J.: 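Structure incoming, see below.
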Amino acid sequence: MKETVAARKKRVAEIDQVLSGRYPETTALHFQNIFQLLVATILSAQCTDERVNRVTPGLFERYPDAAAFASASLVDLEEAVHPTGFFRQKAKSIKTCCEVLVRHHSGEVPLSLEEMVKLPGVGRKTANMVLGNAEGIPGVVVDTHVKRVAARMGLTENIDPDRIEGDLARLMPDDRWTPFSNLVIYLGRDKCTARKAKCNECPVAGMCPKIGL
DNA sequence: CTCCCGATAT
DNA sequence: ATATCAGGAG
């Protein structure tokens with residue numbers, strides 16, 4: 001029988017509560033300000049945070065702000081971000097993004113989703129992640145982990161990330177959007193992995209239809 | 001839909 | 001050998 005919206009909301013609240021207790025601190029990307037988090041998040045595409053964190057300290061020492069990246073040599077930048085993969089793409093994204101920041105935003109990261117998404121190399125996932133974690137502006141982050149876990153746990157029937165974002169947003173108050181996203185991402189990396197999910201070790205297995213609702 | 005990149009898990 | 005990894009652009 002089909003789960004009601006109210007029942008699903010309650011289940012989400014329980015999942016949120018259990019994960020909050022289990023994973024008190026989930027921020028994995030190292031940053032000191034919103035600009036650094038933006039750059040780090042662009043670098044994190046299809047790559048682990050660990051590899052990103054290995055690169056960013058030296059990167060921000062060499063390029064402290066948007067102006068520095070905007071005037072950087074593309075070849076140097078490519079070399080600096082090389083270990084994170086997709087290095088040509090990412091170097092170009094960061095450089096052109098910083099050029100836009102300098103040209104149209106006084107070198108500062110705009111604090112709205114609509115403006116951030118206009119930046120080259122920045123989509124909704126990146127914008128929501130950055131605004132939520134650096135500025136406390138609520139947003140559901142739908143990355144590959146959230147997409148997978150939400151589907152497995154029966155929190156959405158959609159495949160499209162934008163629709164999943166809407167589905168999850170409607171299931172909880174907006175002040176839980178960012179924390180819940182972080183928790184689910186952590187769970188996705190830790191237990192609910194893409195290839196071989198460790199359901200026997202999962203703290204919210206009891207709330208997952210895959211195990212038994 | 002493909003492409004970008006390379007390491008690692010399976 | 002192949003799928004996947006904190007995706008987004010063309």
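For clarity, every value in this text was computed on a predicted model and none was experimentally measured. By convention in this document, chain letters (A, B, ...) are assigned in the order of the sequence lines, proteins followed by strands, and residues within each chain are numbered from 1.
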J.: Is the ring centre of Phe86(A) under 5.5 Å from the base ring centre of dC4(B), and are the two planes under 30° apart, so that they stack?
T.: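 Stack criterion met.
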J.: Got a sec, which pairs hit side-chain hydrogen bond (donor to acceptor under 3.5 Å, both in side chains) with one end in residues 154-165 of chain A, sequence neighbours left out?
T.: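 Qualifying pairs: Arg8(A)-Glu157(A), Arg124(A)-Glu165(A), Asn128(A)-Glu165(A), Thr156(A)-Asp167(A), Asn158(A)-Asp167(A).
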J.: Check Lys95(A) with Glu99(A), please: is the shortest side-chain N to carboxylate O separation under 4.0 Å?
T.: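 Judged by the 4.0 Å cut-off on N to carboxylate O distance, Glu99(A) and Lys95(A) do form a salt bridge.
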J.: Begin with the C-alpha distance, continue with both residues' side-chain angles, and end with the deciding distance and a verdict on salt bridge (charged side-chain N to carboxylate O under 4.0 Å, His left out) for Lys118(A) and Glu115(A).
T.: CA-CA 5 Å; Lys118(A) 292 179 189 167; Glu115(A) 289 302 314; 3.1 Å; yes
J.: Please give, in whole Å, the distance from dG7(C) C1' to Ile94(A) CD1?
T.: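 From Ile94(A) CD1 to dG7(C) C1': 13 Å.
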J.: With Asp49(A) as reference, evaluate His30(A), Arg54(A), Arg189(A) under the side-chain hydrogen bond (donor to acceptor under 3.5 Å, both in side chains) test and give the passing residue.
T.: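 Of the listed options, the one satisfying the test is Arg189(A).
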J.: Is the ring centre of Tyr63(A) less than 6.0 Å from the ring centre of Phe35(A)?
T.: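 No, too far apart.
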J.: Which part of the nucleic acid, if any, lies within reach of Phe87(A) when heavy atoms closer than 4.0 Å are counted: base, sugar-phosphate only, or nothing?
T.: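 It contacts sugar-phosphate atoms only.
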J.: Can you find a side-chain donor-acceptor pair between Tyr23(A) and Asp190(A) that sits under 3.5 Å?
T.: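 Side chains of Tyr23(A) and Asp190(A): pair found under 3.5 Å.
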J.: Tell me the salt bridge (charged side-chain N to carboxylate O under 4.0 Å, His left out) pairs involving residues 173-188 of chain A, sequence neighbours left out?
T.: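 As it turns out, the salt bridge (charged side-chain N to carboxylate O under 4.0 Å, His left out) pairs with a partner in residues 173-188 of chain A, which skip direct neighbours, are Asp16(A)-Arg176(A).
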J.: Quick one: side-chain contact (heavy atoms from CB on, under 4.5 Å) partners of Ala169(A), sequence neighbours excluded?
T.: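 Expected list: Val140(A), Trp177(A).
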J.: Could you tell me how far apart Arg54(A) (CZ) and dG6(B) (P) are, to the nearest whole angstrom?
T.: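 Answer to the nearest Å: 15 Å.
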J.: Just to be sure I understand the geometry, which residues of residues 58-81 of chain A put a non-hydrogen atom under 4.0 Å away from DNA chain C?
T.: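 Of all residues in residues 58-81 of chain A, none places a heavy atom under 4.0 Å from DNA chain C.
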J.: Enumerate all atom pairs, one protein N or O and one N or O from nucleotides 8-10 of chain B, separated by less than 3.5 Å.
T.:
{"from": "dA9(B)", "atom 1": "N3", "to": "Arg195(A)", "atom 2": "NH1", "distance (Å)": "2.6"}

J.: Please state how far atom CD in Gln46(A) lies from atom P in dC3(B), giving the value in whole angstrom units.
T.: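 Rounded to the whole Å, the gap is 15 Å.
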J.: Indicate, with a heavy-atom threshold strictly under 4.0 Å, whether Thr144(A) touches base, sugar-phosphate, or nothing.
T.: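 The answer is sugar-phosphate, as Thr144(A) gets under 4.0 Å only of primed atoms, P, OP1 or OP2.
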J.: When the distance from CZ of Arg148(A) to C1' of dC5(C) is rounded to whole Å, what number comes out?
T.: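 After rounding, the gap between these two atoms is 9 Å.
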J.: Shared ILVMFWY cluster between Val100(A) and Leu111(A), side chains joined below 4.5 angstrom?
T.: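 Same hydrophobic cluster.
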J.: Rounded off to whole Å, could you give me the CG-to-C1' distance for the Leu29(A) and dG7(C) pair?
T.: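 The distance from CG of Leu29(A) to C1' of dG7(C) comes to 14 Å, rounded to the nearest Å.
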J.: Assign each of Ser93(A) and Arg51(A) to its nearest nucleotide of DNA chain C by heavy atoms, then name whichever residue's nucleotide is nearer the 5' end.
T.: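 Taking each residue's closest nucleotide, the earlier one in sequence belongs to Arg51(A).
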J.: Please examine the side chains of Pro209(A) and Arg11(A), heavy atoms only from C-beta on, and report whether any two atoms are closer than 4.5 Å.
T.: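 Of all side-chain heavy-atom pairs linking Pro209(A) with Arg11(A), at least one is under 4.5 Å.
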J.: Taking the side chain as everything from C-beta on, heavy atoms only, tell me whether Gln32(A) gets closer than 4.5 Å to Leu37(A).
T.: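 Of all side-chain heavy-atom pairs linking Leu37(A) with Gln32(A), none is under 4.5 Å.
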J.: Provide, to the nearest angstrom, the distance between the CD atom belonging to Gln89(A) and the C1' atom belonging to dT2(B).
T.: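 It is 11 Å, rounded to the nearest whole Å.
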J.: Write down the distance separating the P atoms in dG10(C) and dC5(B), rounded off to the nearest Å.
T.: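 Those two atoms are separated by 14 Å.
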J.: What's the CD1-C1' distance between Ile164(A) and dG7(C), to the nearest Å?
T.: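 After rounding, the reported distance stands at 14 Å.
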J.: Report the distance from atom CG of Leu43(A) to atom C1' of dC5(B), rounded to the nearest whole Å.
T.: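 So the two atoms are 13 Å apart, to the nearest Å.
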J.: Does anything in residues 114-125 of chain A reach DNA chain C, meaning a heavy atom under 4.0 Å, and if so which residues?
T.: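 Here the set is Leu119(A), Pro120(A), Gly121(A), Val122(A), Gly123(A), Lys125(A).
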J.: dG8(C), OP1 or OP2 - any side-chain N/O from Thr126(A) closer than 4.0 Å?
T.: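 It does, given that an N or O in the side chain of Thr126(A) lies less than 4.0 Å from OP1 or OP2 of dG8(C).
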J.: Does dC5(B) have its OP1 or OP2 closer than 4.0 Å to a side-chain nitrogen or oxygen of Arg88(A)?
T.: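 Yes, within the criterion.
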J.: If I take atom CG from residue Leu119(A) and atom OG1 from residue Thr96(A), how far apart are they, to the nearest 0.5 angstrom?
T.: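 That separation rounds to 9.0 Å.
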